[in-house]
Amino acid sequence: MSVDCMSSDAPRHIAIIMDGNGRWAQQRFLPRAIGHHAGVKAVRKIVEYCAADSTCEVLSLFAFSSENWRRPESEVRLLMTLFLTTLQSEIDKLHKNNICLRFIGDRTAFDSVLQQKMTEGEQKTKGNTALTLVIAANYGGRWDLAQACKILSQRVASGELSPCAINESVINTHLSLADLAEPDLFIRTGGEQRVSNFMLWQLAYTELYFTPTLWPDFNQSALEEAITSFKSRQRRFGYTGDQIAALASP
Ligand code: IPE
Ligand code: IPE
Ligand code: MG
């Protein structure tokens, strides 16, 4: 473990559960759909902020969980349409702003037009370097582990991999975020204090931050507050506080 990743200078990877769109709308006696539209506006602002921030390299946003199919059909349909129209209107802007777009999750469940748009967005922006924007869509941490297990067992069955060779780092290679650093800071808006099947493996040592602010109201200053909280913490990774202090001093 390098001293660098123990310091709480500023998060390089921020992962957010954008929760509270429905309640935001309901508080205003508006349909939940309006809350989801307002949520997209908040996404734009937070992406802009992270792209301009020189320390933030990865922003991961939970857009649709593998459990969100359980919602009323009309809401699922609305979310799918919103996902597609947002992609259609944003891909060029993301590209212009040097942002690399990536999706994690089981995309085979989406309709083919949406899948095509997702691939197009990834292809177009793959060389961009200002920020990697990871959108988790039909994603679940358990799904991610299960698909990694499937690949690993196929490799074992074919004789390519010995079961004894399976360790944490081999498992990690087959997870969706294998090539990216784990989140430093996890934020959940909307007041719930749970992980809801997001990045179960990767959150092992992530600093958790919960705020009652509903996602459509989450803005630059709310994000700065979360980052300030992150910076005030000492990440110990199992070491003692004194060890970390000694490692951090020049
Ligand atoms: C998060 O907001 C957006 C998605 C899950 C797609 P919610 O829709 O969960 O909002 P609440 O929790 O009902 O307020
Ligand atoms: C988590 O929010 C998923 C997303 C934000 C996409 P939910 O609103 O679905 O989570 P639960 O059901 O309250 O745990
Ligand atoms: Mg919710």
Side-chain angles (χ1 to χ4, degrees), residues 13-47 50 58-90 101-111 114-115 117-118 121 132-147 175-177 183 185-203 206 208-219 222-223 226:
H13 182 169
I14 300 174
I16 308 181
I17 297 189
M18 311 181 288
D19 196 21
N21 292 351
R23 279 164 287 160
W24 184 91
Q26 280 161 344
Q27 281 175 3
R28 289 162 177 76
F29 305 102
L30 294 167
R32 291 175 61 87
I34 305 288
H36 293 309
H37 281 276
V40 173
K41 286 191 189 153
V43 169
R44 269 191 212 108
K45 285 193 209 122
I46 296 306
V47 170
C50 290
V58 184
L59 172 66
S60 296
L61 301 176
F62 205 2
F64 190 85
S65 77
S66 42
E67 289 73 33
N68 286 145
W69 299 106
R70 296 172 182 164
R71 294 192 175 200
E73 204 191 315
S74 58
E75 179 159 340
V76 170
R77 211 174 319 118
L78 169 103
L79 287 167
M80 293 301 139
T81 307
L82 189 59
F83 191 15
L84 180 62
T85 53
T86 305
L87 280 183
Q88 279 163 342
S89 66
E90 301 299 316
L101 182 60
R102 256 211 27 211
F103 296 97
I104 56 169
D106 181 5
R107 60 182 80 186
T108 60
F110 295 132
D111 84 37
L114 183 50
Q115 286 189 48
K117 209 69 206 165
M118 291 163 81
T132 297
L133 174 61
V134 177
I135 304 290
N138 193 21
Y139 172 87
R142 289 177 179 174
W143 164 83
D144 204 5
L145 284 160
Q147 64 81 29
L175 295 172
S176 307
L177 291 173
L185 172 62
F186 160 99
I187 299 170
R188 181 173 186 142
T189 64
E192 311 299 348
Q193 303 196 3
R194 54 178 173 254
V195 172
S196 298
N197 202 10
F198 191 40
M199 294 194 185
L200 298 180
W201 175 277
Q202 294 86 354
L203 292 179
T206 303
L208 308 180
Y209 180 88
F210 298 96
T211 169
T213 303
L214 302 173
W215 175 250
D217 292 327
F218 193 79
N219 55 19
L223 178 56

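Indexing begins at 1, ligand by ligand and atom by atom, following the structure's order. Positions are given from 1, in the same order as the sequence printed here.
- A donor-acceptor contact shorter than 3.5 Å links the side chain of Arg188 to the backbone of Arg194.
- Here the side chain of Asp144 pairs no donor or acceptor atom with the backbone of Gly141 at under 3.5 angstrom.
- Closest to atom 2 (O) of ligand 2 among all protein heavy atoms lies Arg188 NH2, 3.7 Å.
- Of all the heavy atoms of Arg70, none lies under 4.0 Å from any atom of ligand 2, so neither backbone nor side chain is involved.
- Near Phe64, meaning under 4.0 Å from any of its heavy atoms, are these atoms of ligand 2: 6 (C).
- Ranking the protein heavy atoms by distance from atom 1 (C) of ligand 1 puts Met18 O, 3.0 Å first.
- Between Ser65 and ligand 2, not a single N/O pair is under 3.5 Å apart.
- The shortest N/O to N/O separation between Leu79 and ligand 1 does not fall below 3.5 Å.
- In this structure Trp215 satisfies the ring pair (Phe, Tyr, Trp, His ring centres under 6.0 Å) test together with Phe218, sequence neighbours excluded.
- The nearest pair of heavy atoms linking Leu223 to Cys50 is CD2-SG, 4.0 Å.
- Ring geometry, Phe110 versus Trp69: the interplanar angle falls from 30° to 60°, so the pair is classed tilted.
- Heavy-atom contacts of Ile17 reach the following atoms of ligand 2: 1 (C), 5 (C) (cutoff under 4.0 Å).
- When only non-hydrogen protein atoms are considered, atom 10 (O) of ligand 1 lies nearest to Gly22 N, 3.0 Å.
- Among the candidates Ile187, Val43, Ile46, Leu214, the single residue satisfying the side-chain contact (heavy atoms from CB on, under 4.5 Å) test with Met18 is Val43.
- Using a distance-only test at 3.5 Å, with no hydrogens or angles considered, no donor-acceptor pair links the side chain of Arg44 to the main chain of Val40.
- Thr132 contributes no side-chain N or O that, together with a main-chain N or O of Val58, makes up a donor-acceptor pair within less than 3.5 Å.
- Contact between Gly20 and ligand 1 is present, with at least one heavy atom of the residue lying under 4.0 Å from the ligand.
- Using a distance-only test at 3.5 Å, with no hydrogens or angles considered, a donor-acceptor pair links the side chain of Asn138 to the main chain of Asp106.
- Paired with Phe62 under the rule side-chain contact (heavy atoms from CB on, under 4.5 Å), one option of Ile135, Asn68, Ile17 passes, and it is Ile17.
- The distance from the CG atom of Asn21 to the CG atom of Leu79 is 8.5 Å, given to the nearest 0.5 Å.
- Backbone and side-chain nitrogen or oxygen atoms of Asn68 are examined, and none is located within less than 3.5 angstrom of a nitrogen or oxygen of ligand 1.
- Taking only non-hydrogen atoms, the option from Arg23, Glu192, Arg71, Gln27 nearest to atom 8 (O) of ligand 1 is Arg71.
- For ligand 2, the atoms closer than 4.0 angstrom to any heavy atom of Arg194 are 11 (P), 13 (O), 14 (O).
- Checked for salt-bridge contact, Glu75 and Arg70 miss the test: no charged N lies under 4.0 Å from a carboxylate O.
- An N or O contact shorter than 3.5 Å is missing between Trp24 and ligand 1 by distance.
- Taking each heavy atom of Ala25 and Gly35 in turn, the nearest pair found is CB-N, 3.6 Å.
- Here the protein contributes Asp19 OD1 as N, O or S atoms under 2.8 Å from the Mg ion (ligand 3).
- Every atom of ligand 1 with a heavy atom of Ala63 under 4.0 Å away is listed here by number and element: 6 (C).
- A donor-acceptor pair is defined here as one N or O able to donate and one able to accept, closer than 3.5 Å; such a pair exists between the side chain of Gln115 and the backbone of Arg107.
- The contact set between ligand 2 and Asp19, taken as ligand atoms under 4.0 Å from a residue heavy atom, comprises 2 (O), 8 (O).
- Near His36, with a cut-off below 4.0 Å to any heavy atom, the atoms of ligand 1 are 3 (C), 8 (O).
- Note that the CG atom of Leu101 and the CG atom of Leu87 stand 6.5 Å from one another [nearest 0.5 Å].
- Distance check on atom 12 (O) of ligand 2: every protein heavy atom falls at or beyond the 4.0 Å cut-off.
- Looking only at heavy atoms of the protein, atom 14 (O) of ligand 2 is closest to Ser196 OG, 2.6 Å.
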